[in-house]
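Report on the following structure.
Remember, it's a predicted structure, so these values are computed and weren't measured experimentally. Here is how names work: the chains are called A, B, and so on, in the same order as the sequence lines, proteins then strands, and each is numbered from 1.
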Number of protein chains: 2
Amino acid sequence: MVAYYPTMDEVFRALADASRRALLDRLHARNGQTLSELCDGLAMTRQAVTKHLGILEAANLVTTLRHGREKLHYLNPVPIHQIGERWIRKFERNKLTALSELKRQLEKRDE
Amino acid sequence: MVAYYPTMDEVFRALADASRRALLDRLHARNGQTLSELCDGLAMTRQAVTKHLGILEAANLVTTLRHGREKLHYLNPVPIHQIGERWIRKFERNKLTALSELKRQLEKRDE
DNA sequence: TTGACATGCAACCATATGGTTGCCTATTAT
DNA sequence: ATAATAGGCAACCATATGGTTGCATGTCAA
């Protein structure tokens, strides 16, 4: 079996929707919930939730497991962590220098 | 003047597009580029790039500055940093416990 | 001053996206 | 056995999104 690696783009797009982020939050609060449990209290049909979970699963943010007629959903934080590592970290470096650099460049342009 | 704060959703959505992330990468490599400069070598019209930059600006990921007929674009890494802090960090906590917790919950269900 | 350059604005278009409804299948409990 | 429960599948729909073309405006240089 060859592992399937979702692209970073897939992960970003999966995280772009507020409903999906809310589902991840729910799983973060309590892992291993069934589809019906995840639907509870949401202003959305079960089928809509199914689609969202499908997208999260495709992005490897959620792993599922059938247990009888139930489908259990587990959060996989690894892709989120990778985005933090590979993408967000590098933009943090110039956080402190950003403003001063802006000023510097402005002055340069006005020479 | 009252500061406008973009929602976290706006930032996530802005980051969801690969072209926009590429623009941020370009600004990260060299800050303060003009619109034309940012268009160079991209398989997209200037107007498409303008729209992307508008979305990035609305999400406060890019700040602009008119200098004569040119518009200079500066990266603002703060919202990216905030996403890292407020959203990504909390999912990293249970990284190590995720697998063991899965096993534990499975066993519990089989009792 | 006038042409070239940098950008802005608006209409338009195809496809992606988030959601719905309707129906079907599999499993569990009475 | 059979009804209720949990979930799957597919068609459909409205709107959002990412892109285009065409034209207008402001600024700089010869």
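D:dT5 atom P lies 13 Å from atom CD of A:Glu70, rounded to whole Å. A:Phe12 places its CZ atom 18 Å from the P atom of D:dT17, with the value rounded to the nearest Å. Put simply, CG on A:Leu53 is 16 Å from P on D:dA6, counting in whole angstrom units. Nucleotide D:dA6 holds its C1' atom 13 Å from the CG atom of A:Asp40, rounded to whole Å. In this structure, B:Leu42 places its CG atom 15 Å from P of D:dG18, rounding to the nearest Å. Atom P of nucleotide D:dT5 and atom CD of A:Glu37 are separated by 15 Å, given to the nearest angstrom. B:Glu10 places its CD atom 15 Å from the C1' atom of D:dT17, with the value rounded to the nearest Å. As a whole-Å value, the separation of A:Leu35 CG from C:dT27 P is 16 Å.
Checking side-chain atoms of B:Asn76 against main-chain N and O of B:Asn60 turns up a donor-acceptor pair under 3.5 Å.
The phosphate of D:dG18 has OP1 or OP2 within less than 4.0 Å of a side-chain N or O from B:Arg20. A sub-4.0 Å separation between OP1 or OP2 of C:dA16 and a side-chain N or O of A:Arg13 is absent. For A:Thr45, no side-chain nitrogen or oxygen approaches OP1 or OP2 of C:dG19 to under 4.0 Å. At least one side-chain nitrogen or oxygen of B:Lys71 sits closer than 4.0 Å to the OP1 or OP2 atom of C:dG8.
Residue B:Gln47 places a side-chain atom within donor-acceptor reach of the base of D:dG22, judged by atom type and a 3.5 Å distance cut-off alone. For B:Arg69 against C:dT7, a side-chain-to-base donor-acceptor contact under 3.5 Å is absent. Between the side chain of A:Arg46 and the base of D:dG7 there is at least one donor-acceptor pair of N/O atoms closer than 3.5 Å.
Nearest-nucleotide assignment on DNA chain D puts the 5′-proximal partner with A:Thr50, out of A:Thr50 and B:Arg66. Residue order along DNA chain C, read from the 5' end via each residue's closest nucleotide, puts B:His73 first among B:His73 and A:Met44. In terms of position on DNA chain C, the residue among B:Lys51 and B:Ser36 whose nearest nucleotide sits closer to the 5' end is B:Ser36.
In terms of heavy-atom proximity, A:Pro79 sits nearest to A:Ala59 at CG-O, 3.9 Å.
Picking from D:dG7, D:dT20, C:dG18 the nucleotide with the shortest atom distance to the side chain of A:Thr34 gives D:dG7. Checked against D:dG8, C:dG19, D:dG19, the side chain of A:His52 finds its nearest nucleotide in C:dG19.
Between A:Leu53 and A:Leu56, some side-chain heavy-atom pair lies under the 4.5 Å cut-off. Looking only at side-chain heavy atoms (C-beta outward), A:Leu23 and A:Ser19 stay at 4.5 Å or farther from each other. Between A:Leu38 and A:Leu27, some side-chain heavy-atom pair lies under the 4.5 Å cut-off.
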